[in-house]
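The block underneath contains the structure these notes are about, expressed in structure tokens.
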There are 2 protein chains.
Amino acid sequence: MVDWKRSRKQVPITVLGVDRRVCPPDGRRSVLPGRVGTTTLDQVTTDTPRRQPTLDEVAERAGVSRSAASRVINNAPHVSRAKREAVLRAVDDLGYVPNATARALATRQAGSVVLAISGDDPAMFADPFFAEVVVGVNAVLEETDLELMLSLATSTRGQARLEQLLRTHQAGGVMLMSLHGDDPLAALAHQASVPVVFGGRPLNIEARYYVDADNRGGARLATEHLIASGRRKIATITGRIDEGAGIARLQGFQEALAVAGLDNSLVEPGDFSEDGGSTAMGRLLDRAPELDAVFIASDQMAIGALRTLARAGRTVPGDVAVIGFNDIPAARHTTPPLTTVNQPIEALGREMARMLLSLMSGDRPSPLILPTRLIHRESA
Amino acid sequence: MVDWKRSRKQVPITVLGVDRRVCPPDGRRSVLPGRVGTTTLDQVTTDTPRRQPTLDEVAERAGVSRSAASRVINNAPHVSRAKREAVLRAVDDLGYVPNATARALATRQAGSVVLAISGDDPAMFADPFFAEVVVGVNAVLEETDLELMLSLATSTRGQARLEQLLRTHQAGGVMLMSLHGDDPLAALAHQASVPVVFGGRPLNIEARYYVDADNRGGARLATEHLIASGRRKIATITGRIDEGAGIARLQGFQEALAVAGLDNSLVEPGDFSEDGGSTAMGRLLDRAPELDAVFIASDQMAIGALRTLARAGRTVPGDVAVIGFNDIPAARHTTPPLTTVNQPIEALGREMARMLLSLMSGDRPSPLILPTRLIHRESA
DNA sequence: ATGAAAGCGCTAACAA
DNA sequence: TTGTTAGCGCTTTCAT
């Protein structure tokens with residue numbers, strides 16, 4: 001049995017195509033068809049190093065003109081039954097697949113759309129939120145012929161690339177997510193000559209097409225729940241207030257309290273991060289030791305806050321009730337499990353994609369606000 | 001007039017910014033900050049009706065031939081300083097950006113690579129694991145001119161699309177993740193005429209290029225830790241054993257026990273899911289009530305197992321020590337916090353991308369196994 | 001219904 | 001160092 005850990009250091013590469021660092025589980029040497037030089041995957045894996053056939057070849061084989069073949073491929077009218085079948089047969093024989101690039105060039109229609117995530121930190125995408133959005137987007141794109149490109153416009157370089165992507169018409173549309181404050185991407189979107197759909201209502205520009213979650217409604221819901229369960233000294237830890245979601249959640253919180261005639265000024269700024277939540281909770285405890293509930297604009301922050309609360313000797317929900325936002329998986333596993341606001345993330349992705357499609361087909365869809373709902377668990 | 005919109009059919013928009021499709025969870029209407037539409041994205045972009053300039057236009061403006069211009073754009077040699085500057089100026093004036101599609105067609109080089117995730121359930125991608133991989137991939141792609149396409153080949157339809165994507169040469173290479181058992185994608189990869197890099201060593205095919213985490217080593221590490229801390233009756237809950245990772249983790253577990261001369265037959269099959277872990281733990285408790293430790297092939301399963309253990313009145317780590325695998329975020333928040341094996345997921349993504357790049361440039365890189373490490377927390 | 005011909009915007013031989 | 005000339009593979013008038 002080979003010791004994997006030893007083989008990890010850099011080793012001179014491939015001798016006759018057989019690699020030193022390959023360690024098959026059975027300990028024997030892989031017997032790969034090795035050779036020196038420029039073997040391509042193609043040669044290795046297929047006996048027939050065949051090029052992809054072109055439309056002309058199909059046409060020739062079928063004994064028709066190229067345009068006839070083209071018509072068949074795109075099942076356009078004006079082709080006799082006989083010819084159509086001949087072409088189809090040729091396609092089958094040759095294994096023809098149209099070259100997407102050539103088609104894109106000729107039609108001036110890119111075969112793809114891009115989902116762009118803005119932000120200052122590339123690692124931001126690691127938030128499961130985006131993964132779920134992607135699943136939604138994919139679900140609707142799957143029904144079309146559009147491919148999905150992902151653009152993490154989190155660095156200057158990334159933004160430049162996104163701009164390039166759009167300007168070069170490599171993509172036929174964009175879904176732009178999580179702009180905050182003075183995001184340069186907003187301007188970029190303006191200049192773009194392709195349809196743009198925003199995920200989350202952008203702040204500084206008047207967006208025409210966006211889909212957003214009802215952040216304000218969700219926050220109000222949460223706060224109302226706190227009020228209904230008898231809490232009276234209710235605080236909040238906000239998200240970044242240069243983001244639409246952050247603002248909306250704060251507004252919802254304040255509205256609910258205002259309506260109930262309670263004090264809504266116990267507001268501590270946070271940044272959506274766990275540590276941010278922890279320290280914000282600390283500040284809150286200093287400012288108002290007697291608080292009995294706190295609405296926190298993200299589960300991550302709530303987790304941090306829970307930690308601070310525990311350290312301060314407060315029980316949850318006994319001494320203070322807490323509600324988070326987002327319903328991340330970890331929220332089920334905190335102590336106590338976190339009551340939180342769920343937003344239909346996958347649906348968000350789906351609707352963005354649908355809206356973009358609609359836009360690309362020449363319609364002018366209306367903005368969309370998706371409902372949020374309260375998930376009762378034990379922390380409030 | 002923007003070029004992407006064809007039918008400009010007028011649709012009444014948001015009245016006072018309040019959309020009809022807003023549906024707050026409480027059934028009441030969200031009162032959004034409304035205003036009558038003024039500046040719209042559409043109008044803004046309409047101010048700039050310019051078509052993207054072509055290379056010919058640049059050449060003409062600069063008073064040089066198209067090939068000279070082309071040379072400048074691709075900063076190729078054989079261009080006089082004077083001409084070069086003239087072209088550059090023209091580019092600047094006109095705001096020229098080369099058309100990526102045309103270039104791809106001419107060079108027969110797709111400007112993108114694809115990250116494909118295989119699996120039976122589209123929602124699988126929601127696992128934060130993939131998001132982290134994406135971050136890694138993105139990091140290295142960002143340094144190149146390659147765009148990233150995402151392909152969730154989780155349905156028949158999805159797989160067909162991926163195949164299409166590859167055969168049409170829309171993408172210049174693939175990173176293929178999480179094949180299991182008899183995944184049809186493996187065959188597909190063989191036929192593909194583009195370079196393929198696997199994420200995780202595939203099972204049924206002899207892959208030449210892959211990067212994997214040291215699952216076996218990690219499992220051994222975990223098990224050895226259990227042994228070292230005095231546990232003697234050690235069980236495991238496996239992952240799917242039709243996946244490379246599932247198998248490797250089981251092997252590592254058994255190796256460690258064999259080396260220590262302990263019984264390594266206390267094996268319960270799992271499926272990587274929380275519920276699966278929960279029921280598997282139940283079966284384990286039935287089979288061997290006296291067990292004092294369990295190595296679990298995923299944190300999700302470990303969380304389920306923790307639940308079962310708690311219900312059965314066993315304390316962790318008092319009665320039984322448990323170690324998970326993957327180091328998911330939630331592992332920090334279980335009770336008690338979960339000791340687990342961390343794998344460098346982002347690095348996995350980075351290395352896959354690097355390997356693909358290397359492959360695409362004609363090299364023949366060696367497979368790569370990335371180290372895993374034990375994260376000590378309180379459950380073991 | 002059918003095919004010839006003219007592009008789409010760029011690159012790459014090949015001459016000059 | 002230059003410009004000219006063919007393509008890349010497909011779509012799309014426009015005659016026939």
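The sequence lines fix the lettering, A, B, ..., with proteins before strands; numbering per chain opens at 1. The shown structure was predicted, so the numbers you read here are calculated from the model rather than taken from an experiment.
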| said: Once ring-ring contact (aromatic ring centres under 6.0 Å, His included) is applied, do any residues pair with B/F125, and if so which ones, sequence neighbours excluded? | reply: B/F130
| Under the side chain to side chain donor-acceptor pair (under 3.5 Å) test, which residues partner A/S358, sequence neighbours left out? | none
For residues 94-104 of chain A, please give each side-chain donor-acceptor pair under 3.5 Å, one per line with the distance, not counting sequence neighbours.
| residue | atom | partner | partner atom | Å |
| --- | --- | --- | --- | --- |
| A/N99 | OD1 | A/T101 | N | 2.7 |
| A/N99 | OD1 | A/A102 | N | 2.9 |
| A/R103 | NH2 | A/N74 | OD1 | 3.4 |

| query | Got a sec? Which of residues 76-89 of chain B come in under 4.0 Å of DNA chain C, heavy atoms? | reply | none
| request: Take the C1' atoms of the five end pairs on each side of the helix from C/dA1-D/dT16 to C/dA16-D/dT1, derive the two axes, and give their angle rounded to 10 degrees. | output: 40°
| message | Rounded to whole Å, please give me the gap between CD in B/Q109 and C1' in D/dG9. | response | 16 Å
| request: Provide the full list of salt bridge (charged side-chain N to carboxylate O under 4.0 Å, His left out) pairs with a residue in residues 72-91 of chain A, sequence neighbours left out, each pair given once. | output: A/R81-A/E85
| task | Write down the distance between CD (B/Q170) and P (D/dG9), rounded to a whole number of angstrom. | result | 15 Å
| query | Taking only residues two or more places apart in sequence or in another chain, which ones pass salt bridge (charged side-chain N to carboxylate O under 4.0 Å, His left out) with A/E163? | reply | none
| said: The criterion is side chain to side chain donor-acceptor pair (under 3.5 Å); which residues satisfy it with A/Q159, sequence neighbours excluded? | reply: none
| query | Does B/E57 have any side chain to side chain donor-acceptor pair (under 3.5 Å) partners at least two apart in sequence or in another chain, and if so, which? | reply | B/R51
| How many angstroms lie between atom CG of A/N138 and atom CG of B/L152, to the nearest 0.5 angstrom? | 4.5 Å
| field | Residues that B/S155 engages under side chain to side chain donor-acceptor pair (under 3.5 Å), provided they are two or more places apart | value | A/E142
Using a cutoff of under 3.5 Å, can you pull out all pairs of nitrogen or oxygen atoms linking the protein to nucleotides 8-11 of chain C, with atom names and distances?
| residue | atom | partner | partner atom | Å |
| --- | --- | --- | --- | --- |
| C/dC8 | O2 | A/A106 | N | 3.4 |
| C/dG9 | N2 | B/A102 | O | 3.4 |
| C/dC10 | OP1 | B/Y96 | OH | 2.4 |
| C/dC10 | OP1 | B/N99 | N | 3.2 |
| C/dC10 | OP2 | B/L55 | N | 2.4 |
| C/dC10 | N4 | B/R66 | NH1 | 3.0 |
| C/dT11 | OP1 | B/N74 | OD1 | 3.3 |
| C/dT11 | OP1 | B/N74 | ND2 | 3.4 |
| C/dT11 | OP1 | B/R103 | NE | 2.7 |
| C/dT11 | OP1 | B/R103 | NH2 | 3.3 |
| C/dT11 | OP2 | B/S70 | OG | 3.1 |
| C/dT11 | O4 | B/R66 | NH1 | 2.7 |

| request: Write out all pairs satisfying side-chain hydrogen bond (donor to acceptor under 3.5 Å, both in side chains) with one or both partners inside residues 60-69 of chain A, taking only residues at least two apart or from two chains. | output: A/D56-A/R66, A/R61-A/D93, A/S65-A/S67
